[in-house]
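This report refers to the structure that appears directly beneath it.
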Amino acid sequence: MIVPLAHVLVLAVILFCLGLICTLVWRSNVIMMLIGIEIMLNAAMLVFVGGACHWGTADGQVFALMIMAMTSAEVSLALALVVYLHRRRNTVDTDEFRELQDQ
Amino acid sequence: MTATDLFIALPIILLAVGALVTLLVGAITRTTNIGIVIALAATLGAAFWLMQSPPTLPAPTLGLSAGGLSRLFGVFFCLLAAGVLCLSVAYNRERGISGEEYPSVLLFTTFGMLALASATNLLTLFLGLEAMSFGFYILVAIDLQRGVSGETGLKYLLPGALSTAFLAFGIALLYTVSGTLSLHELMQFTLTSGTPDPIALAGWGCLLAGLAFKLSLAPAHLWTPDVYQGAPAPVVAFLSGGSKAATILFLLLLLPQAVDVSALRIPLCALSLFSMMIGNCAALRQNHVRRLMAYSSIAQMGYVVLALLSGKSGGYQAAAFYAIAYGTISLAAFGAITVIERNGGGETLDDYRGVGSRQPFAAGVLALSLFALAGIPPTAGFTGKFLIFSAAIRSGEITLAVTGILLTAVSVYYYLRVVVALYFNHADNTEDTQPRSIPTAPEYAVLIAAATTILILGLWPGKLIELLSRA
Amino acid sequence: METYLFYILAVVTVIGTILAITEKHPVHAIVHLVTSFFSLAAIFFLLAAPLIAMFEVIIYAGAVMVLFMFVIMMLDPGRTDQAGRPGLRQWLLPAILGVIILVSIGVLAAGYVTAPHTSSAITVREFAVTLFRKYGVAIEIISMQLLFAVVGALYLGRRRAP
Amino acid sequence: MKLYLELIILLPLLGGISNALLGGRLFSRRSSEFVACAVIWGSCAAALTAAYSYRSPEVVEIATWLSDFDFKAPLTLYLDPLSLSLCLMITFVCGLIHLYAVGYMRDDHCYVRFFALLNLFVAAMLTLVLAENLPLLYLGWEGVGFCSYALIGFWYSDPKNATAGRKAFIVTRIGDIGLGIAIVWMFELFGTESITRLNQMGNLLPVGIVTALGLLMLLAAMGKSAQVPLMVWLPDAMAGPTPVSAQIHAATMVTAGVYLLMRMFPLIGSSTTVSAAIAITGALTAFYGATCAVAQRDLKRILAFSTISQIGYMMLGVGSGAITAATFHLLVHAFFKALLFLGAGCVITTLHHEQDIFRMGGLRHKLPGTYWPFLAGALCLAGLPLTGGFFSKDGILSAVWRTGGMLYGGLYLVGLMTAFITAVYTMRMLLVVFGGPSTPLSHQAVDGADLTENKDKRMVSGVGPLPRIMEWPLIPLALLGLGGGLLNLPEYLGGGLLHSFLAPLTGHEPTLPHATELLLQGSAAIVALAGTATAWLRYGGQRRSLRLSEAQQPARGLQAFLREGWRVDQLYDLLFVRPYVRLATLLWQRVDEGCIDDNLDRTSTQLGRFGNMLGGLGQGRVSLSLTGMAIAAALMIAWLAWMTA
């Protein structure tokens, strides 16, 4: 382990929070929200890889790989949905989608 | 891969193969019903196998096991999926949802649930949960003829993806602390007695936040009413019954292994309290039946968290019982809503006026499930609530339990509003203009089965409770 | 040497991410993000995970980001540009929430002392054995999920008669 | 014995289910009616057999029901003198009412639902009475509540009826909360739910807790038995068909609260506070009901208020520790009040659903078959000497007197005064409805001439002379009401049957010296006669027409106050409903519209949204649900990181 585990964790938490902020702030653009979620998942991967390095077991790396595969599936579906919605409403602003709400 | 592996994995394989075959058959012929038949066969076959197979050792190379709880929930998920498939036939035909995608995605979702149910490590557990959610992302948006369908998908997908991120980060932190992904060891390391590791607790915070979305616990509940309103009714039945039960199972596979869960008490208390209060209060003034059911489900999940909170004194059994009971009730309720809405009936309380005389069967089942949700004996809802509150009181959560009982009493009001609309208010001249919608045979079968189960679980719950306490 | 490299890469990653999330134009944001992911991949490499580092570059920086770019290009970029950067007020609550989480976990993590754990490096062979021997079902689940991502995307993307 | 007990409950249940499932399709109307009546009489026969072979209190376990860990609530029935006598009464009275209902409902096309619910009600009521543990009792308790709700709103096409049903359900729910909490709490205290075991454990607890438990159960009884202050639902419940009023809202269900208190009396009676509270509630209710009944014009509402009042008497008896007297009154009241309701049903049917007593008259000659039984019932209700009602009411009053002390002395006076008022309103009702010359309406009705007064078209079609089946169930009830005194004669006349029968349960209740007893009975008799005389002076003979013309004027002052039930409904509206509506309006409209629409854009966007989110109003934004999740996460992580670390 080249650096203390703590420092890896701090870096991951910073990335995670940046991703969270990105998701919450960019309501006007679904694509940016998805990017925020990608950043958060990358932070999780970083923690897994750091953990795997610390413990010397490959489980964490396997999990990181699985997260990667899972997000690419999720992103492709999400982007397909975005394209579909854009085709219908010509916008990517999530606040524009308010047909379903309390009367 | 050994024989044991195959033995345990057979139901999962069956569902996966079923999903693929459905896709392939769909590519060859354009008749939708073949897909549904194959899907039904796969779910029922898996359920049958799970019921028949004796408990065995965990599979060594697959990360799967076939314990009592897993098999019980596995059977439940398969039967629920079969029920939803039966309900969908007529509904989908009327709404113009055709193609092989629907049955095969539904099978994939069940596949995810089943993987989750038999997981022995956190990776399989997580992937199972995600596969299930992923299936639902597609299912809620499947009715593309309706304008709101895409919006529904977006409203489920975005929070879902965020919750996935929280879950993954939480699990990562837990892994970093413990160095293992095996459920038992991980729980032993992260929720030890005494003062647990702070990083592990932070991980638990993230994990709970992610699960709060899946269980639609306040304040992560806001997607629920919108999705319940926008998605096709059979899908809502599956979402409400299956995904909630699966998430509860997720927690049930984790928490009982822990040494001491008291560190999580306050967050769970808060989640339970907020959900019960917000769910019940918001439902009071709803006029849209599905949204009302959504808020009610938020409240119901609050009760379940209360049960998990008082786990050691029977709360885990209570939560498992309630998960199954609630799943059955929501199958019955949304099954009835499916039938009622099928003939172009509206969705607000005003549209439900007089349905009791136009569609007596569906209205009767809906009324029964509403009474079950309100916790009126002799229904499954009563037994479940009873188990939950008695467990809560035994473990000393008196304040929460009393709040819960009071809120249950409040909830009777809004459930009754629906019943009143069904039976006691005739719309003036709709009686003749609207055609009588007759349930189809599969719908009859599912509704009768669900209603019978609700009553059986209310009258003779002993058998199931015994199974659960052995598991 | 490697330690310094880690910190430099960490700073690059964080700055790249910050630039990405504050960037007005999504295309530029993607470019910043790719930078950030490249340095993250290097960090993975330093943390004895060469395979993950490779996949990060190939899948994330390569495939996923290109997919994003493709969609942005496809959906009339001028229109998305006009949606504009969120106002300062909209940053308030997310920033507060972010800082709460950051401080809660970050401060704890900074003071987190772990017992030195003598671990051997994880070889690719070990990785493969864990992947296929221990988590057999996981691969099946994920492959099914990828398949259904395609199914779902095709279903959503299919052009229908209005 | 097990078989008999099973049959008692299962027969009505099966009848209800088979009617609900098969009625209307497989069954013809006749067979549907036959099944409904036959199961009740079968159950009655089973109860009689059980009574015949009854030796000593018995606990019979039928099956397991709820159980987890140490918690057990099997399907266990308990037969003791109290439950046995109630069972006999319920099956018999309900059997008669079912027969009557066949006649009453002959023109209603929803008869299947009616009979199914009526049968289910009987099953639930018997479960309640026979239950050995509290969860099972609660099952019956909720079951009767549900059936009552569905039957009050039976003619649901009129929104008024539906509202009445809902009101009944919600008000009784308030009481049910008390019972629910008490059940759970008792389990926590004792670790058992068995009624017999609980009753032996009363002295293990500090008095304070027993008092609290007792008050919770009193709350439950208030709801179910329509006692002050939860009595508002019963008068409105008269919206249901008359057999329902007779069966549920007079003879059986409303006494469930009294039964609960009697059942648990060994436990809760050890607290004097509880006893006093029960007694005060009872006396107040008795007085309230009687005063309201004096001013009513609606025949069924008079009877409803009188029911409230009579159940108040039973509560007074329980509060004085006189279980025997309370049971006695419960049984006799069931007979004569069912009789009065059925008689009222006959009158109302004949008059095409006219319920205003001031529009009736002269029915003595037109409906002799109804008049004579009704007269017997009225005499019982008024408590005229030698009727069953006289003895039972006197039993309660002498028990109150026996208890002594300032409080009970005062309650005795209240009870006596109520007896006077009871006699007044009973005779007023009798004289106005049956006395005097025939009014135009009653003429037309009985002659079968054309009527324009009908409100309910459905019922018009076949009204002719009353069906025989509606009149003859009155006769056994009248005989039982009049001769009910034989069940429990006072000590000096040879002692009571019921007294010795219930003795193993109640212990030996002290009796008064004969002289005092006679004195008390004498005063009760005088009061009743005085009340009758007063009524005669106001409504008898020629003066009746005077009152009738007075009744054309709208009620004013005290009369209006009494007629509207002391304006309790308005009071509750003012106290609870309006503040709630106002609060709701404030919360939803002010907070919602004010914060969201006005302030949102101008001042604090985020705060408004936060309040918005707490209110459960999503406004349909995805971003909001993401923020909600993030808030949950941030708060939980912060708590877990800082508070527990």
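What's counted below: heavy atoms across the whole structure, side chains too, no hydrogens, waters or symmetry copies.
Residues satisfying the side chain to side chain contact (heavy atoms under 4.5 Å, CB included) criterion with C:V34, sequence neighbours excluded, are C:I30, C:F38, C:A61, C:M65.
Other residues, nucleotides and ligands contribute only 12 or fewer heavy atoms inside 6.0 Å of the CZ atom of C:F45. Within a 6.0 Å radius of CZ in C:F70, no more than 12 heavy atoms belonging to other residues, nucleotides or ligands are found.
Between C:L97 atom CG and D:L635 atom CG the span is 7.5 Å, to the nearest 0.5 Å.
Proximity to chain D is limited to the side chain of C:I100, based on heavy atoms less than 4.5 angstrom apart.
A side-chain hydrogen bond (donor to acceptor under 3.5 Å, both in side chains) check over residues 174-186 of chain D, counting only residues at least two apart or in different chains, returns the pairs D:W141-D:D176.
The nearest pair of heavy atoms linking C:S104 to D:A638 is OG-CA, 3.6 Å.
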